[in-house]
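Below is one structure, written out as structure tokens; comments come after it.
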Amino acid sequence: MIRALALSFLALAAPLSQARAQVPVSHCIAIADATPGVRFLHKASFRDPVPEYSVRISYLTHSAFLIQSPGGIGAITDYPGYVGSADYVPDVVTMNHAHSSHYTSFPDPEIPHVLKGWSERYGEAVDHLVEVGDMLVRNVSTDIRSGSGGREENGNSIFIFEVAGLCIGHLGHLHHEPNDEQYAAIGRLDVVMVPVDGGMTLDTASMVRVVERLRASIVLPMHWFSGASLGWFLDQLSSDFAVVLEEGREIEVSLRNLPERPTIMVLRPQPLVDP
């Protein structure tokens with residue numbers, strides 16, 4: 001049933017501040033209680049102000065999401081260089097380099113913070129901890145596959161965005177289940193973006209285990225190439241997670257309206273355009 005709904009959803013979908021001298025402190029490493037609630041508000045335009053204590057998350061394409069803070073900061077994940085025709089320059093972009101659809105070699109020079117998920121020294125972990133306005137961005141390095149059965153150590157980053165009291169994680173092009181140390185470094189996640197292609201990243205069963213361990217209140221699937229892979233993922237989790245198929249690309253979420261039951265919210269990707 002879930003698989004059929006996912007296929008129907010995809011059939012309707014459209015084609016697809018400078019860091020402070022003092023080191024910022026993460027609030028997502030410690031455990032915190034989520035406030036119950038299930039109401040999500042949707043806006044007509046990404047240009048609209050984000051309400052106080054809230055975050056707007058818009059699914060743009062593939063693995064790229066726009067995360068907007070109440071202070072007017074915008075971050076785009078796995079930035080491929082082009083995310084629509086709107087004249088918009090984000091404050092932060094994060095990138096991973098497993099495939100060209102997750103990064104660009106020529107980011108707009110107007111973007112103040114371009115955070116690569118890999119180091120210029122092969123195999124060395126990159127370490128980001130950047131505070132931009134009311135948003136803190138940090139990363140946890142993971143390995144990726146390379147060549148014929150090889151492995152590139154620390155070639156991918158899970159990026160965590162801390163804003164409005166929320167902990168928002170983007171798993172990037174995850175190729176292995178995190179170890180205990182990496183899970184501890186990730187900390188609490190209220191929202192997590194998860195690749196659900198079923199093979200180019202993690203296989204479905206392994207990704208399900210990752211999602212179950214992270215236990216975020218909201219799971220946003222990304223990086224799928226067919227309704228089948230999305231359907232398999234939803235089927236595996238539908239007994240423990242509520243499933244909501246959204247009609248639009250965005251949600252606004254706050255600590256006050258996190259769902260009591262963990263919820264998978266399938267957004268419809270749409271590029272940024274001005275009216």
Side-chain angles (χ1 to χ4, degrees), residues 17-28 46-50 53-84 86-98 101-120 125-142 156-174 185-187 189-193 195 220 222-223 249-253 267 269 271-272:
S17 101
Q18 181 176 13
R20 298 177 185 170
Q22 181 180 0
V23 176
V25 177
S26 167
H27 66 83
C28 298
F46 76 95
R47 301 259 188 211
D48 292 341
V50 178
Y53 308 118
S54 299
V55 179
R56 180 184 301 135
I57 302 174
S58 303
Y59 189 19
L60 307 182
T61 180
H62 198 50
S63 294
F65 290 81
L66 171 61
I67 304 171
Q68 294 174 282
S69 78
I73 300 301
I76 295 180
T77 65
D78 274 18
Y79 179 65
Y82 178 81
V83 289
D87 183 14
Y88 176 73
V89 178
D91 302 278
V92 182
V93 298
T94 64
M95 300 190 297
N96 279 299
H97 72 165
S101 52
H102 299 256
Y103 76 99
T104 176
S105 298
F106 306 99
D108 187 331
E110 296 296 316
I111 299 172
H113 302 277
V114 177
L115 308 183
K116 296 179 180 178
W118 67 97
S119 171
E120 295 303 328
V126 68
D127 186 18
H128 295 296
L129 186 63
V130 179
E131 194 170 23
V132 186
D134 58 348
M135 183 182 294
L136 175 69
V137 186
R138 59 186 177 87
N139 76 299
V140 176
S141 292
T142 65
N156 177 75
S157 280
I158 296 170
F159 282 94
I160 298 99
F161 305 81
E162 305 189 18
V163 56
L166 292 163
C167 307
I168 302 168
H170 186 284
L171 299 186
H173 211 277
L174 187 64
I186 293 168
L189 292 182
D190 301 298
V191 182
V192 62
M193 293 88 152
L220 301 177
M222 63 176 183
H223 199 273
R249 72 175 178 202
E250 67 189 40
I251 59 172
E252 285 180 4
V253 60
L267 302 180
L272 292 179

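Bear in mind the structure is a predicted one, so any value in this text is a computation, not a measurement.
- Counting only heavy atoms from C-beta outward, the side chains of H102 and Y79 never approach each other to under 4.5 Å.
- Here the closest heavy-atom approach between residue R56 and residue P49 is recorded as NH2-O, 3.3 Å.
- Using a 4.5 Å heavy-atom threshold, the side chains of L66 and V83 count as separate.
- Taking T94 as the reference, nothing meets the side chain to side chain donor-acceptor pair (under 3.5 Å) condition, with sequence neighbours excluded.
- In this structure, F159 and H128 have side chains that are in contact, with non-hydrogen atoms separated by less than 4.5 Å.
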Distance-only check: which donor-acceptor pairs under 3.5 Å involve side-chain atoms of residues 165-172, not counting sequence neighbours?
from, atom 1, to, atom 2, distance (Å)
H170, ND1, G172, N, 3.1
H170, NE2, S63, O, 2.7
H170, NE2, T77, OG1, 3.3

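- From L220, atom CG reaches atom CD of E250 across 12.5 Å, with rounding to the nearest 0.5 Å.
- Taken to the nearest 0.5 Å, the OH atom of Y82 stands 9.0 Å off from the CG atom of L272.
- E252 places no side-chain N or O within donor-acceptor distance of the main-chain N or O of S54, the cut-off being under 3.5 Å.
- Among all heavy-atom pairs drawn from R47 and Y88, the shortest one is NH1-CD1, 3.9 Å.
- Contact record, M222 with Y59: CA-OH, 3.5 Å, taken as the closest heavy-atom pair.
- Contact annotation: the side chain of T61 never approaches that of P271 to less than 4.5 Å [non-hydrogen atoms, C-beta and beyond].
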Report the C-alpha separation of M193 and H223 in whole Å, then their side-chain angles, then the decisive distance to 0.1 Å, and conclude whether the side-chain contact (heavy atoms from CB on, under 4.5 Å) test is met.
CA-CA 9 Å; M193 293 88 152; H223 199 273; over 6 Å; no

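- In this structure, I160 and N139 have side chains that are not in contact, with every pair of non-hydrogen atoms separated by 4.5 Å or more.
- Contact check for M95 versus T104: side-chain heavy atoms found under the 4.5 Å cut-off.
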Assess whether ring-ring contact (aromatic ring centres under 6.0 Å, His included) is satisfied between H97 and H173, documenting all intermediate values.
CA-CA 8 Å; H97 72 165; H173 211 277; over 10 Å; no

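- Between V132 and H113, some side-chain heavy-atom pair lies under the 4.5 Å cut-off.
- Listed here is the closest heavy atom pair of S69 and M135: CB-CE, 4.3 Å.
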Please determine whether side-chain contact (heavy atoms from CB on, under 4.5 Å) holds for the pair I76 and L60, giving the CA-CA distance in whole Å, both sets of side-chain angles, and the decisive distance to 0.1 Å.
CA-CA 9 Å; I76 295 180; L60 307 182; 4.2 Å; yes

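- Nearest heavy-atom pair, V55 versus A164, reported as atom, atom and distance to 0.1 Å: CG2-CB, 3.8 Å.
- Under the salt bridge (Lys or Arg N to Asp or Glu O under 4.0 Å) criterion, E110 pairs with no residue at all, not counting sequence neighbours.
- Once rounded to the nearest 0.5 Å, the distance linking CD1 of I186 with OG1 of T142 reads 8.5 Å.
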Check the pair L136, L129 against side-chain contact (heavy atoms from CB on, under 4.5 Å), reporting the backbone distance first and the verdict last.
CA-CA 7 Å; L136 175 69; L129 186 63; 3.8 Å; yes

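- In terms of heavy-atom proximity, P90 sits nearest to I111 at O-CG2, 3.7 Å.
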For S157 and N96, run side-chain contact (heavy atoms from CB on, under 4.5 Å): C-alpha distance rounded to whole Å, both residues' side-chain angles, the deciding distance at 0.1 Å, then the answer.
CA-CA 7 Å; S157 280; N96 279 299; 4.0 Å; yes

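- K116 is not listed as a side-chain neighbour of Y103, based on a closest heavy-atom distance of 4.5 Å or more.
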